[in-house]
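This is a predicted model, so every value here is computed, not measured.
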Amino acid sequence: MKQLSDKVTELKGVGPKKAVALNKLGIETINDLLTYFPRRYDDLSLTDLAAASDGQKVTVKGTILGEPTLIRFGRKRVRLNFQLLVNDEPYTVTFFNQPWLKKQLNAQQEIMVHGVFDQTRRSITGIKIINSADNQFDSIYPATKEVKQNTIRPLVKLAFEEYQDVIPEIIPENLRQGGLKLEHFVDMIREMHFPTDPRQAQRAIRTAKFTEFLLYEMQIQQLRQVQRQKQPASVINGDNNQLETFIGNLPYELTQAQQRVITEITSDLLAPPQEMNRLLQGGDVGSGKTIVAAAAMLFACSAGKQAVIMAPTEILAEQHANKLADLFAGSFITVSLLTGVTKPAARKLLLPRIASGEVNLIVGTHALFQNDVQYHDLGLAVIDEQHRFGVNQRAQLKNKGRATNVLSMTATPPIPRTLAITTYGDMDVSVIDELPANRQPIKTTWLPTSKTKQALNFIGKQLKAGYQVYVVAPPLIEESDAVDMQNATAIFERFRVIYGEHYSVGLLHGRMDNAEKDSVMQSFASGEFQLLVATTVIEVGVDVKNATTMVILDADHFGLAQLHQLRGRVGRGSQQSYCILIADPKTEIGKQRMTAVVESTDGFYLSQKDLELQGGQGDLVGLKQSGTPEFKLADPVGDLNILTVAAQVARKITSEKNWQTKPENVKLAMYLQMIKPNLDNM
């Protein structure tokens with residue numbers, strides 16, 4: 001019997017090699033394939049060329065005049081030319097590097113062409129020949145070199161044809177037909193991949209977003225129920241005197257926001273039966289979350305408990321370990337580091353010390369929740385960059401203790417409190433909404449590309465003064481004709497030519513392995529590199545207090561929230577820091593994003609602005625906006641209203657005892673069980 005959990009290899013034409021390529025896109029099962037939705041749709045309806053503008057994508061129907069001509073140029077390039085009579089007007093049509101079309105096209109043949117219109121030359125650069133029987137919209141999927149559009153489309157079509165009869169209705173009928181007015185699950189999948197009408201497609205998109213949010217919220221609620229069934233947390237009677245002494249001995253004064261948050265955390269630790277589950281977010285990168293976490297861990301350790309802090313990378317874990325070792329030097333707290341690169345001999349010595357409680361503060365990465373790591377009495381788990389870990393990974397660390405309290409920290413751009421509460425369910429939210437006294441707001445400037453020389457001169461002055469500089473490139477490593485962006489490698493070479501005679505220039509990008517990334521970042525942190533060209537992999541990174549300037553090229557290609565996050569890499573020290581945005585935004589929203597980043601360094605203001613600017617987006621032109629990357633299609637920021645309703649529905653369903661066995665919920669429960677392995681991606 002066919003099931004959505006069947007592997008994609010069940011489909012004709014999917015062998016082991018193609019399966020590996022599909023797996024890299026997150027497609028392992030038929031369900032994965034059917035929910036691998038398009039990122040946009042191209043409108044294939046016929047276009048009136050008289051009203052078409054230059055550069056517009058058009059679809060025309062006409063008759064071929066004369067035999068098409070195939071011309072070869074360069075080593076491997078060809079172009080196919082022919083005249084097409086459209087409404088009694090001749091137009092030149094050119095297809096590049098599609099020589100096989102020559103055999104398909106003949107004089108006097110009537111065809112439909114989809115391509116890019118050149119008004120001046122009265123020509124069309126062809127994208128595809130389409131059949132009149134095709135859908136009005138062409139689904140465009142996220143693709144790779146190994147898995148192209150013409151591979152994904154027929155596979156999705158085949159999967160739907162063979163499995164549509166076993167696609168369940170996972171949303172209870174009373175909810176679907178009630179105020180939600182949602183599509184049937186099978187109809188939603190059909191319309192998402194093969195839309196026939198714009199309004200119907202919009203309804204399918206809305207249903208798909210709601211379904212994705214609902215499944216996420218249901219899994220969160222299930223995890224919460226499991227946690228609540230465990231034994232209650234014990235009181236952590238931390239020593240307030242030691243905490244006050246620690247804070248009083250700091251070389252700087254904590255802000256009122258930091259002191260307020262520390263009080264919120266210690267109150268949680270002193271107030272069972274529920275263990276703490278708190279999210280700590282700051283209005284700005286560098287708002288002082290780490291020192292708050294240090295105070296919380298000291299409080300837990302002073303009660304005889306152990307504390308851990310888990311970071312997503314070895315280099316960030318090492319930075320935390322060094323900082324905490326300095327903070328707690330000479331105290332009762334013993335700090336140790338445990339990561340995936342800890343040498344076997346050192347690991348062998350460390351694990352018994354953790355198990356006995358001799359080490360009471362452990363800093364690390366995923367290595368902290370491996371099977372052979374046992375804790376004496378884990379009272380507090382701090383998870384840095386919590387969005388970089390899957391739900392199950394966070395749960396695995398928590399389960400290392402009997403009733404472990406969890407403090408999750410995020411340096412991603414802050415989100416409005418209502419969104420944080422909705423996204424994280426029952427998690428309490430603490431906010432640091434002011435910068436430490438020694439931090440100056442980063443001065444931000446927006447320049448058009450025509451004034452890049454001004455930015456280069458400023459970089460030269462900063463380097464000459466002994467400071468370090470980041471240059472952020474769009475996340476492309478190789479040349480691409482399809483995307484109008486500069487790439488990291490070319491920019492690296494350019495800056496090495498400009499500054500390489502007197503300064504050392506480094507390169508950091510996403511295709512490096514973790515060891516290479518750590519090595520480059522360590523070299524920049526130690527001052528070996530004075531200028532670092534990097535892609536967005538530096539969004540989360542180590543503190544380099546000597547880095548005072550960040551230049552972001554093609555800044556309009558980044559989301560507003562991401563720009564704020566990137567800017568936070570500078571301004572880590574006491575000296576004035578700068579961010580220069582170089583961009584030529586072509587849309588009004590793009591211009592507003594640049595202006596907003598220049599005008600404010602308040603992350604909460606910018607998160608609200610991002611919400612406003614994304615209002616009305618998500619139509620047929622582009623489904624997913626620049627929100628959090630955890631979801632395939634839905635955007636927690638742009639689709640906040642849908643998320644809020646989905647969260648309410650999930651809480652209502654799971655609030656009923658034995659909800660899984662109720663007839664209306666059985667298919668939903670079974671579907672959740674099937675997709676459970678995907679939880680780590682959320």
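Among all heavy-atom pairs drawn from Gly590 and Pro585, the shortest one is C-CB, 3.6 Å. Summarising the geometry of Ala296 relative to Ile265, their closest heavy-atom pair is CB-CG2, 3.7 Å, with the distance given to 0.1 Å. Pairing each heavy atom of Gly364 with each of Ala317, the nearest pair is O-CB, 3.9 Å. Shortest non-hydrogen contact noted between Ala311 and His320 is CB-CD2, 4.1 Å. Ile552 and Ala555 make their closest contact through O-CB, 3.8 Å (heavy atoms, listed as atom of the first residue, atom of the second, distance). Nearest approach of Cys579 to Ile442, heavy atoms of both residues: N-CG2, 3.8 Å.
Counting heavy atoms from C-beta on, the side chains of Leu327 and Leu250 come closer than 4.5 Å. Tyr470 places a side-chain heavy atom less than 4.5 Å from the side chain of Val544. A heavy-atom distance below 4.5 Å is not found between the side chains of Leu553 and Val472. Under the 4.5 Å side-chain criterion, counting only non-hydrogen atoms from C-beta, Met521 is in contact with Leu532. Residues Ile309 and Leu324 form a side-chain contact, since some pair of their non-hydrogen atoms from C-beta on lies under 4.5 Å apart. Using a 4.5 Å cut-off on side-chain heavy atoms (C-beta onward), His366 and Phe389 make contact. Counting heavy atoms from C-beta outward, Met218 and Ile653 have side chains that approach closer than 4.5 Å. With a 4.5 Å cut-off on side-chain heavy atoms, Thr549 and Tyr467 do not count as touching.
Open room surrounds CD on Gln256; 12 or fewer heavy atoms of other groups in view lie less than 6.0 Å from it.
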**OP:** List the steps, then state whether side-chain contact (heavy atoms from CB on, under 4.5 Å) holds for Leu397 with Val308.
**Re:** CA-CA 9 Å; Leu397 180 61; Val308 299; 4.0 Å; yes
Subject >> side-chain contact (heavy atoms from CB on, under 4.5 Å) between Val431 and Leu280, worked out >> reply: CA-CA 6 Å; Val431 173; Leu280 174 58; over 6 Å; no
**OP:** Take Gln242 and Ser302, measure what side chain to side chain donor-acceptor pair (under 3.5 Å) needs, and give me the verdict at the end.
**Re:** CA-CA 8 Å; Gln242 291 201 48; Ser302 70; 5.5 Å; no
Subject >> Candidate pair Phe246 and Ser331, rule side-chain contact (heavy atoms from CB on, under 4.5 Å), full reasoning >> reply: CA-CA 10 Å; Phe246 168 73; Ser331 75; over 6 Å; no
Subject >> Test log, rule side-chain contact (heavy atoms from CB on, under 4.5 Å), inputs Val382 and Met297 >> reply: CA-CA 8 Å; Val382 178; Met297 290 187 287; 3.9 Å; yes
**OP:** Go through Asp384 and Lys289 one step at a time and tell me if the salt bridge (charged side-chain N to carboxylate O under 4.0 Å, His left out) criterion holds.
**Re:** CA-CA 9 Å; Asp384 195 14; Lys289 294 182 293 295; over 6 Å; no
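Glu314 meets the side-chain hydrogen bond (donor to acceptor under 3.5 Å, both in side chains) test with no other residue; sequence neighbours excluded.
Between the side chain of Glu264 and the backbone N or O of Gln259 there is no donor-acceptor pair closer than 3.5 Å. For the pair Asp556 (side chain) and Ala583 (backbone), a donor-acceptor distance under 3.5 Å is absent. Between the Thr404 side chain and the Lys400 main chain, no donor and acceptor come within less than 3.5 Å of each other. For Thr334 (side chain) and Val359 (main-chain N/O), no donor-acceptor pair under 3.5 Å exists by modelled atom type. Between the Glu244 side chain and the Asn241 main chain, no donor and acceptor come within less than 3.5 Å of each other. Remark: the backbone N or O of Leu215 is paired with a side-chain donor or acceptor of Gln219 at under 3.5 angstrom. Side chain of Gln221 to main chain of Ala650: no donor-acceptor pair is present (N/O by atom type, distance under 3.5 Å, no hydrogens or angles).
For the residue pair Ser408/Arg278, the side-chain donor-acceptor check at 3.5 Å is not satisfied. Using modelled atom types, one finds no donor on one side chain facing an acceptor on the other under 3.5 Å when comparing Gln575 with Thr548. Checked by atom type, the side-chain pair Asn360/Gln306 shows no donor-acceptor distance below 3.5 Å.
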